[in-house]
Protein chains: 2
Amino acid sequence: MADQAPKMTMESAVEVLKRQGCRITPQRIMILEYLLSTDDHVTAEELYEQVKLMYPHISFSTVYRTLELLRDAGLITQTDLGKGTWSYHPIDRADHHHLICLGCGEMWEIPQDTFDEVHRQIMERYSFDALMVHYAIYGRCERCR
Amino acid sequence: MADQAPKMTMESAVEVLKRQGCRITPQRIMILEYLLSTDDHVTAEELYEQVKLMYPHISFSTVYRTLELLRDAGLITQTDLGKGTWSYHPIDRADHHHLICLGCGEMWEIPQDTFDEVHRQIMERYSFDALMVHYAIYGRCERCR
DNA sequence: GTACTTGCAAATGCTTTGCATATCC
DNA sequence: GGATATGCAAAGCATTTGCAAGTAC
């Protein structure tokens with residue numbers, strides 16, 4: 001769990017895709033480029049809108065298909081941040097979790113290692129390698145309690 | 001976190017609903033009855049099918065509206081168990097979490113208190129009352145690793 | 001050249017909504 | 001009696017799919 005993903009670059013990401021026999025298309029590059037350029041956690045729709053600015057021909061199916069590809073390749077995480085749809089984020093920057101207040105909707109980041117001990121315990125007791133990366137933790141903040 | 005929800009019965013559930021000004025209709029009773037009678041975590045569709053056996057007139061909208069009502073009333077939990085839609089479960093039986101293997105899809109239950117320590121830490125450090133109830137924890141089981 | 005990708009449009013599937021009717025209290 | 005809840009059908013919306021055309025390698 002504590003093992004950190006190495007810093008991801010365009011090159012390393014492309015390398016991973018090539019190794020899996022995927023072709024490198026302009027659409028995939030644009031999508032990767034945007035994902036790597038922002039610190040936000042983007043939804044398919046946001047990504048579509050952004051990529052469209054530079055590449056007006058992009059289609060929604062390509063965005064969905066590419067996000068699925070990148071997720072299965074282990075390059076991005078897919079998280080439910082309460083937007084009603086998935087949010088995506090490069091895996092190397094997913095070294096944190098989110099506290100999301102059910103009252104005011106505000107969001108805080110907490111460090112990756114919060115779950116290290118639980119991960120260790122679950123591994124020890126159940127031989128289960130829990131994927132505790134980039135969690136969305138709902139609850140109530142001090143003000144809203 | 002460690003505080004256990006009291007055992008839920010038809011009577012106590014109805015009591016909660018009444019206190020909120022909700023009316024007690026046969027549909028709501030049937031839905032509650034099924035939820036309380038099974039140990040499964042049911043989806044809206046499964047619930048619809050089951051209730052339909054005893055009350056053929058039930059409609060999908062009623063099921064959805066009732067599940068939303070029961071969730072907002074704090075009587076049931078809504079969890080993503082990887083079925084592609086929400087699963088529902090009486091809150092008093094939600095005293096556990098699920099390990100779900102991304103390889104074989106198998107599911108194991110682990111005790112509620114697994115996250116007690118993390119909950120305490122998050123409260124202490126961020127004054128955030130994390131709602132760590134009935135989590136779905138994805139990962140890989142021993143065989144699939 | 002060939003298998004992989006894309007764009008388009010249509011289909012899908014879950015969920016929500018408007019509204020007239022029924023019903024709980 | 002009056003506010004609530006229901007059923008139905010239609011709408012909504014995010015996502016997926018089939019397929020012909022395009023393209024990476």
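Every chain is numbered from 1, with letters handed out A, B, ... down the list of sequences.
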Worksheet item: Of all residues at least two apart in sequence or in a different chain, which pass the salt bridge (Lys or Arg N to Asp or Glu O under 4.0 Å) check with B:E68?
Response: none
Worksheet item: Does B:M132 reach the side chain of B:V118, with side-chain heavy atoms less than 4.5 Å apart?
Response: yes
Fill in: Close side-chain approach of B:Y135 to A:I137, heavy-atom, < 4.5 Å
yes
Atom [atom1] of [X] and atom [atom2] of [N]: how far apart are they, to the nearest Å?
{"X": "A:L69", "N": "C:dC4", "atom1": "CG", "atom2": "P", "result": "13 Å"}
{"X": "B:Y88", "N": "C:dC14", "atom1": "OH", "atom2": "P", "result": "13 Å"}
{"X": "B:Q27", "N": "C:dA22", "atom1": "CD", "atom2": "P", "result": "14 Å"}
{"X": "A:M30", "N": "C:dT6", "atom1": "CE", "atom2": "P", "result": "13 Å"}
{"X": "B:E45", "N": "C:dG13", "atom1": "CD", "atom2": "P", "result": "10 Å"}
{"X": "A:K18", "N": "C:dT5", "atom1": "NZ", "atom2": "P", "result": "13 Å"}
{"X": "B:Q20", "N": "C:dC25", "atom1": "CD", "atom2": "C1'", "result": "17 Å"}

Discussion item. Under 4.0 Å, counting only non-hydrogen atoms across every strand here, what does A:Y55 touch: a base, just sugar-phosphate, or nothing?
Written reply: sugar-phosphate
Worksheet entry | Span of DNA chain D, from the first to the last nucleotide whose atoms fall under 4.0 Å of chain B heavy atoms | D:dG2 to D:dA9
Discussion item. Taking the nucleotide of DNA chain C with the nearest heavy atom to each, does B:I24 or B:G84 sit closer to the 5' end?
Written reply: B:G84
Discussion item. Once you measure the plane-to-plane angle for B:F128 and A:W108, does it fall in the parallel (<30°), tilted (30-60°) or perpendicular (>60°) bin?
Written reply: perpendicular
Discussion item. Looking at A:E109, is its backbone amide N or carbonyl O close enough to the side chain of A:H98 to form a donor-acceptor pair, meaning the two atoms are under 3.5 Å apart?
Written reply: no
Atom pairs, N/O to N/O, protein against nucleotides 16-21 of chain C, distance under 3.5 Å?
none

Worksheet item: In Å, rounded to the nearest 0.5 Å, how long is the span from CG of B:L47 to CG of B:L35?
Response: 5.0 Å
Item to complete: Find the distance between CE (B:M8) and CZ (B:R93) and round it off to the nearest 0.5 Å.
Response: 8.0 Å
Worksheet item: Taking the six-membered ring for Trp, is the centroid-to-centroid distance between B:H96 and B:H134 below 6.0 Å?
Response: yes
Worksheet item: Given the rule in the side chain to side chain donor-acceptor pair (under 3.5 Å) test, do A:D129 and A:H119 qualify, once you have shown the distances and angles that lead to the verdict?
Response: CA-CA 7 Å; A:D129 187 12; A:H119 178 268; 2.9 Å; yes
